[in-house]
Each structure stands twice: as structure tokens, then as C-alpha cells.
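Residue numbers run from 1 in the order of the sequence given. Model, not experiment: these values are computed from the prediction.
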Amino acid sequence: MTPPSTAASSTADEYRKTLQLPDTPFPMRGDLPKREPQWVQDWQQRGIYQQIRAARQGTPPFVLHDGPPYANGPIHMGHALNKVLKDMIVKSRLLSGFDAAFIPGWDCHGLPIENAIEKQHGRALARDAMQSLSRAYAASQVALQSADFQRLGILADWEHPYRTMDFHNEAEEIRAFRRIVERGFVYRGLKPVHWCFECASSLAEFEIEYRDKHSPSLDVGFLCREPDKVAQAFGLAALQKDVFAVIWTTTAWTIPANLALNLHPALHYALVDTERGLLLLAQELVETCLARYGLQGAVLGTVAGERLDAIHFEHPLARVDAGYDRPSPVYLADYATAQDGTGIVHAAPAYGMEDFRSCLAHGMRHDEILHPVGPDGRYASDFPLFGGQHIWKATQGIVQSLRDAQRLFALGDVQHSYPHCWRHKTPVIFRAAAQWFIRMDEGQGVLARDPAPESLRKMSLDAIEQTNFFPSSGKARLRDMVANRPDWCISRQRSWGVPLPLFLHRETGVLHPRTLDILDQAADIVEAGGIEAWSQRSTESILGEADAALYTRSTDILEVWFDSGTTHTTVLRGSHPGCGHDEGPASDLYLEGHDQHRGWFHSSLLTSCAMYGHAPYRAVLTHGFIVDPKGHKMSKSAGNGIDPQDICKKYGAEILRLWVASSDYCGDISVDTKILDRVVDIYRRIRNTLRFLLANTSDFDPVRDAVATDALVEIDRYALEHAALLQRQILTNYEVYEFHPVVTLLQTYCSEFLGGFYLDILKDRLYTNAAHSIARRSAQTALYAIAHALIRWMAPFLSFTAEEAWAVLGEQGMTPEATRASVFLDRFVKWPEVDASSPLHQRWERIRAIRDLVNKDIEVLRAAGQVGSSLQSQVCMDAGGEDYAALSHLGADAKFVFLTSSFALHAGDALRVEVTPAPGDKCPRCWHYVLAADADPAHPGLCLRCASNLFGEGEVRSMA
């Protein structure tokens, strides 16, 4: 005789075989690091991007223009964040039905590549050698970065990217420059520009960042050469002591190049009698200055600065070396203030923009401006006292010379915000050099054949007002930068870049009269053979023998910001026609880090407005930087960096993508292994939910088995309405490029609505009802629709997983043939219009809330050890009003909603719940507890419901 326990176990095993248990080839574990590269290879082999482009022909275009990363070194987390964000936007637009091309690009010219070549081959390279080696190096870096980006699941035209060094793009850049010349914005001038000694070149405003710097602060006296004029200005008969105009500066190295003193015309200055002579100081600063000098003094009189105009003082080193024996006249300038220092500003016009403007305004000629500092930061070898010395090292000698000359009144140290090169992180200076500029304000540039009707500043500011910004604060940031920026210096003194193909008359400095034609000729030459071809062409072959002797050829190149700043035309309207809008802004969206308000957003805006009179983009989106959990910017040198390649190897690119999608990118974003481990948990929840949907529709044929909407079990109709409303929220967020709310919505949907409610209730119907029953097919109809929707919702960020699930649906014949190759060939599910205020939706929302209350009471019994699963409990409930109506509407299906073995409802004034352990025995098939009267005598232990589902007509479900 078989023991009872063994017999019961045998019966349970037999009945288990009668259940409709889920089955799917979609594995529980993603095994992402191993399987993702196979998907990348599969996309490439099947030409999925090309299939998508073909499928979207004729649909409305959406253009996201890729801001080119620099082709130098492996990608880092900032690159990964940026490219994944772009990829998610493009994919969400594809699924919305747009023709969304994605052309990846690279910035290939410029100093960092030259530096890399110089480290390998030395600094004394000829231009031809530098260009050839740089081109090969950039190409190798593009190939490496391209592979890394593709590993992240980025779908793009990797076979036809754009590179700023492609011959066509180099030629188009010259043509863009020609157009800006023709519009009257370009001029050549001697003007102080930011100069980096490490770069040995001028820098644009975009390449400057401000950092704290310690500098010596000096108070220096300038002896007056015309004391009688000072006495007259102050109404004194005569002066019995030497008069010194005292200046304060934090740039000691500029004093040897001093040519003037600046006083504010309306500011009052005092003549102070001290034991070191008569000192000229701003009246408001007398007390502070005397304390700094350790002097006592009496004010002899005060006058407005305008009374001291044109009085001559002498250079403070005039008595040390004859090379400094020159006057330093007083000029009146509004930028002299009494906020700090002495109220008097010394002017070295070669090394300060305000000094430069003041000296020119007072009649100083360009050839009178001293500019002894060379491109390497050293004074000219024949410069008095400090020749050949680097300016930073010369400071100590300058201070000592001033002290020996008895012109140093005070020496201190100050920490101040100072401009630095954003590449080398080293201090820069203003340095006057003949450069090419794009004019921001009114004025006529050279060769203005088709002058713009307005200034570039005004056009740019107007264009900003027509642009959408995400986040909105970006508008004010860019507007302020454009409103206050100086003219744009676009020339650089390097080799690896697009040439400025200009010729200047050796004596007059005037451009060759055929300059516009020469620019066209240069573009054609470069188009055929790259910038190397232009470098190798002789001046005689361009100008002819006669003119070649009269003109000097420019060896400058266009700065790299001009390269990337003109890609709206060189790429979108040049090398990749059809991938940009023909009229108005070429792109719908530019997306980069927030530092690009002073970089790519800025340079692109200026060039587009200069060429076309409008912005190159309709919208600008910015993201923050990558930081560690302590908020410190990530870097390898600090030891707090994480490489995206390492994340792919350990977690898979899908986890990196989900981290990007779940982060609020508007601010700085933190990442470490703990954060990624939490992202893994989110991924598992979504994957397991998707697996349940696929497993429970594996035998479902939508053509054969789908149940009409009006015949669906009511909870299935509610689930579909809920999905339709959820998609409305998701697509609204996708529309404005907000991804972290989508991840939150999906995480909540999978864990709470599906996992904690709908799928939990559905299991009994899916497993215990007959395979082809209306009740089961109703559930599968809903699950099929939800699976399709969920795969599309997640596809922009969980692209590999979505494609994997899509392939399973395709194998089961559950996707249209035309889109079976990729989910990105399809579109978001089109749901019927639904209303969250519908009676169905409102009723089930309330039922869910009541169910949560019941579950809490069941948890109390479970904690006390009285029940295990909820099926071991029974519920007795009193309810009134709308609650009673909603619950009574469920009828006999109520127990399935609450996952209890029985449910009793009574009319009452208020909601009251009583949960107790369920009596009876456990059905070995459905696990509900049933009384003897509800068991089938023909099949011992089996409940009547299971018996009917197995051997009879089957139960009828209408609500759940």
C-alpha cells in the first residue's frame, strides 16, 4: 500500500502536468557581457541601420546633429553618457515614426593631436610631416572610438560617419569661411588675445576656464615728469617733494611693457604727503593704501581725474636701464575704479584688452605698442634687463629691480580667479598678435560683397530667443555669453588644421584683390587632396610669378572650434545631404555637456548666424558631468574614474545604458559600483517581467486566438486601458527628452502594477484554465499587447534586451514580417483613446486600493505564522457606497482578485476587513483551500473548478 504522503505527492505531480505552465526561450539571465557583442555583430551583418533608414523614407524628418568628440584616446564615461543619450533620443523618435538619421562625427584637427605626434616624433617636424602623421593618427583614433561606441549599442551610420578631416569637409569649411568673409564679418587686427604657452597659439573664449591662482601683488610708484602740472591741477603754488602715481597690479610681468596710466575721469584723486614723497591715490582708497605701505600721510587736496589728463609720468625702471626711459602719460578710462588697488591702472596695451582699447583711443599707433613676450612666454632676447627670461620666472627679478629703484611701495600675495587653458590647465595671458577675427558688432570686414543687414551679436541674440532649451536655464547662460563676448579670434599658429588661404601685401598688409576667387580655388584644391595639397602648392602657382613677389602667404589655420562650429553646413548640407533640414535651422537638436554653451553651441550659433542669419538648431539640450558619489569630477589621475569598457565587461552595456536613462542628466551624475549594482536590480525586475509576458504567450497566435475587446475579462480590459494611459505618460516624457521618469514609470509598472497586482492575479487563470478557453485567451490577448508595448517602451535604452525579446516574438510569429528584423523598424503601439475618468478605470483603481488594505491584514497573519500564502486565508468584508458597488461587481471572481480561497461581502456603512485562515483542504492543482462539499468525488482532492477545467466545460470568468 502506497503511503498517504507519497500518494498525495504523486497525485500533485500528475495534476501539475495538466497546468498550462509558462515556457519561453527568453532566458532569465541576460548574460549581457557575453551576448551583447553578438547583437552588435548581428546589427552590422544584417545592415539594420540601413533597413531602418529605408523603412523611414518619406516620414517626417528628425535631425539630431552629433557634436563631434575629439579623435584622441579611448572613450570615457562622459563620451558614453553623451552618445547613449543621443542614441535614446534617436531611437525614441524612430519608434514615434520619424525619419531620424544618426550620423556620428569626429573632430580631427587641432592641438591635442599635434601634441600626441610631437610626443612620438619630436617638435621639429615640417608641416607636411605633421599633417601626414596627424591624419593617420586621427584615423586610428576614430576607428578605436567607433568600436567602443558600437559596443554601447549605438545605432548609427558607422559606415559613413563624418570626420572634420575628410577632404570634402575641409573644403566646405573653406567655403563656409568665404561666405562669412563675403558677409562682412571677418577682419585682421592687432589685438590682445588669450594665449597659451603650451599650445603656442591663441585661444578662443570657448577654450578658457577660470581657476584660482596665487599671484604676487605689487604697488608700484611712477615718478611724475611734470610736477608743475600736478601742482596746477591741485591749485598748489609748488611741490616740495617728488610726486608718484601709485598703481596696484597682480601681473608683475606686464610692468616692463607699460606705456600709460589710466585714471577715471569722474573719480576723485588725492595728493597725499608722506615720508616717501607725494602720492597720487584714489580718494576713497587713501587710508587703505597708506596702511598697506606702512606710511603716515596728509591729504593736500583732491581733484577729479579729468584734471590730470595727459600729465606725463615715467616708467618705474627708467632710472635703472635706458631701455625704459620713456614717458607713461595719463589717459582717462572708465575701467579704472576705486573698488580695489589704488584707483590708477597701469596700461600695457599688448597684454590687456581694456589697456589696448584705451591706448588706441588716445592716439597710440599699432607700431608704437610694445609686445616683447614671444609665443613661448619668454621676453625677446634683446629686451632690457629681462631678455630671454620666461615671464613667470622673471617676476622675482622684476620685483627686485623695482625695489632697488625705490619704486616698490608694497608686495603681497593674492589668490584670484585667473584664466587657464582648458586643455593644459595652465595659466594663459593676453598677448597682442596680428590675428583674424569675426566681428560681433557693427563695422565692415574685409571684402564685404554681400554684407549682413545686422550685427552678428544681434542676430545671435535674436536666434537664441527662437531656440528651445532643455533645461530652460541654458537660454540665459548662452545669451549672457553671447551678449558679453569679444570678437572671435579664429586664427591659430599651428599646422594640423584647415588653412586660412590668404595672401597679404608685403608693404600695405592689404588682402590680395582676388581673395574670394583664391578661397574658391583653395577649396577645390583641398577637396581633391586635403589640406596637404594646399600646403604643397607654391605661392607662384596660386598668384603667378609677379604677385608672388609682392604678397606674403598666411600659414595660420582656422581654429578647431570653427571646424566643428561649421558642421551644420559642411556635414548636414554638405557631406551628408538629406540628413539635415534644407531650410531654416539644419538640425532639430544639439545635445552636449553644459560646458558647450561656451563651446560647440556657441561657435555653431555664430557661424550659422554669420552665414544664414539664424541658429543651426531648433533646440539645445545639455547634460552634466560624471562625478563620483562624493561629487568629485571623475579622472584617472584622481583614481576615481570608471571606464565604460570595464562596465561593459563586468555588467554589460545594457546596465550602463539603464544607468544613463535612470539618471537626471540635467545636473552632474554620479556613478560607482554600488550605484550600478542598484541599476542591475532594476534591470532584473524589467527582464523578469518581460520573460513572464513572453513565457505566457508562447502558444498564443494573435490571428487565431485573440479575443475581441468587448469579450475580454474585465480586468484584462482594465490592464489594457492602464497600459494605454501609461504610454501616454511615457511618450510625453520622450517628447521632451526626459528618460529617468520613463525608467521610474516602467520600474513601478513592472513591480507594482504587473508584478504586485495584474500578473499575480492572472497566474491562476493562465495556469489552471483550459489551454484554449476564452478566459485564458483573454489574458493572453492582454499580455500580448502589453509585451509589444513594453518592448517598445524600453527599446530606446534597453536596446539589446528589446531586440532579444523582439526576436522571440518573431520566432513565435507574433510580429509583422516587415518589422521582424528589428523592433526599431516598428513603432510605438497605437492604443485606442482612453480616459482615466472612465467608470472601468475608476472602479479598478479603487479595487486595487482595497486590495492593498487586505494584503496588509494578510501580512499580519503571515507574520504570526497563521498562514503562509494568501490562498491559505479567507476574507469577510463590509463595504458601503461606491466600495460596495465595485466589490459586488466582481461577483464570484472577487476571491481571484484578492488571491484568497474565499471572499464574502456584506453591505455596511464603512469599509471593514476581516482576514482569517481558510478552512478545508488544499486542491493539489490550483492550491485553493476548499471544503469537502466543493471537492469532486470522482477525482479525490480535486476542487470542482479544476475538475470542470480538466474534464468538463470549464469555468467562466468575467471579472478576473
Side-chain angles (χ1 to χ4, degrees), residues 189-194 205 208 210 217-222 224 226 229-230 233-234 244-251 254-255 257-272 279-286 288-289 301-313 327-366 368-370 414 416-419 429-432 437 439-443 455 457-458 461 480-487:
L190 179 72
K191 182 183 292 188
V193 294
H194 286 298
E205 288 292 312
I208 297 299
Y210 284 83
S217 62
L218 288 72
D219 287 76
V220 179
F222 286 64
C224 183
E226 299 176 316
K229 290 184 179 180
V230 173
F234 281 93
F244 295 93
V246 186
I247 63 94
W248 177 84
T249 184
T250 59
T251 55
T254 63
I255 290 178
N258 172 271
L259 291 176
L261 298 173
N262 285 288
L263 280 66
H264 194 288
L267 192 66
H268 278 74
Y269 291 87
L271 189 63
V272 186
L279 308 186
L280 192 62
L281 302 166
Q283 182 181 358
E284 298 176 32
L285 297 172
V286 168
T288 303
C289 290
T302 62
V303 295
E306 61 184 358
R307 295 283 301 279
L308 302 171
D309 184 25
I311 296 177
H312 283 61
F313 291 73
S328 187
V330 169
Y331 293 154
L332 301 180
D334 290 342
Y335 74 94
T337 71
Q339 293 180 355
D340 51 25
T342 66
I344 303 174
V345 178
H346 103 86
Y351 305 115
M353 183 57 70
E354 291 170 319
D355 296 354
F356 180 81
R357 289 170 177 162
S358 173
C359 289
L360 289 187
H362 286 82
M364 189 176 293
R365 301 190 313 272
H366 281 181
E368 294 177 319
I369 293 176
L370 286 175
V414 63
H416 56 146
S417 181
Y418 191 87
I429 67 168
F430 270 110
R431 176 175 178 267
F437 295 88
R439 190 187 304 278
M440 292 298 299
D441 298 305
E442 278 75 11
S455 74
R457 194 183 308 277
K458 183 178 187 308
L461 291 173
D480 290 347
M481 288 182 175
V482 171
N484 298 304
R485 64 154 297 123
D487 291 348

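With sequence neighbours excluded, the residues satisfying salt bridge (charged side-chain N to carboxylate O under 4.0 Å, His left out) with E226 are K229. Taking the ring-ring contact (aromatic ring centres under 6.0 Å, His included) definition, one finds that F437 meets it with Y187, sequence neighbours left out. For R457, the salt bridge (charged side-chain N to carboxylate O under 4.0 Å, His left out) partners at least two apart in sequence or on another chain are D441.
Each of C359, S358, P192 was scored for a side-chain contact (heavy atoms from CB on, under 4.5 Å) with P349, with one residue passing: C359.
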* CA sep, side-chain torsions, deciding dist, call: T249, H346, side-chain contact (heavy atoms from CB on, under 4.5 Å) -> CA-CA 8 Å; T249 184; H346 103 86; 4.2 Å; yes

* F234 and L280: CA distance, side-chain angles, deciding distance, side-chain contact (heavy atoms from CB on, under 4.5 Å) verdict -> CA-CA 11 Å; F234 281 93; L280 192 62; 3.7 Å; yes

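The nearest pair of heavy atoms linking F244 to G221 is CD2-C, 4.1 Å. Closest approach of Y335 to A347, counting heavy atoms only: OH-CB, 4.4 Å. Summarising the geometry of A483 relative to L461, their closest heavy-atom pair is N-CD2, 4.1 Å, with the distance given to 0.1 Å. Looking at every heavy atom in both residues, L370 comes nearest to A350 through O-CB, 2.9 Å. When all heavy atoms of G343 and A336 are compared, the pair lying nearest together is O-CB, 3.8 Å. Taking both residues in full, the closest heavy atoms of I344 and A245 are given as CD1-CB, 4.1 Å, listed atom of the first, atom of the second, then distance.
A distance-only check finds a donor-acceptor pair linking the side chain of D487 to the backbone of M440 [under 3.5 Å]. Judged by distance alone, with hydrogens and angles left aside, the side-chain atoms of T342 form a donor-acceptor pair with the main-chain N or O of V246 at under 3.5 Å. Proximity of a side-chain donor or acceptor of D480 to a complementary backbone N or O of V482 within less than 3.5 Å is not detected. The backbone N or O of H264 sits less than 3.5 Å from a side-chain atom of Y269, completing a donor-acceptor pair.
Side-chain contact between D309 and P265 is absent, with no heavy atoms from C-beta onward closer than 4.5 Å. By the 4.5 Å heavy-atom criterion applied to side chains, H366 and F356 are counted as neighbours.
A distance of 7.0 Å separates OG1 of T251 from OH of Y418, quoted to the nearest 0.5 Å. Between atom NE2 of residue H312 and atom CZ of residue F222 there is a gap of 13.5 Å, rounded to the nearest 0.5 Å. Between the CG atom in L267 and the CG atom in D334 there is a gap of 10.5 Å [rounded to 0.5 Å]. Remark: D355 CG to Y331 OH distance equals 11.5 Å, nearest 0.5 Å. If you take NE2 on H362 and CG on L259, they are separated by 13.5 Å, rounding to the nearest 0.5 Å. Atom CZ of R307 and atom CG of L263 lie 13.5 Å apart (nearest 0.5 Å).
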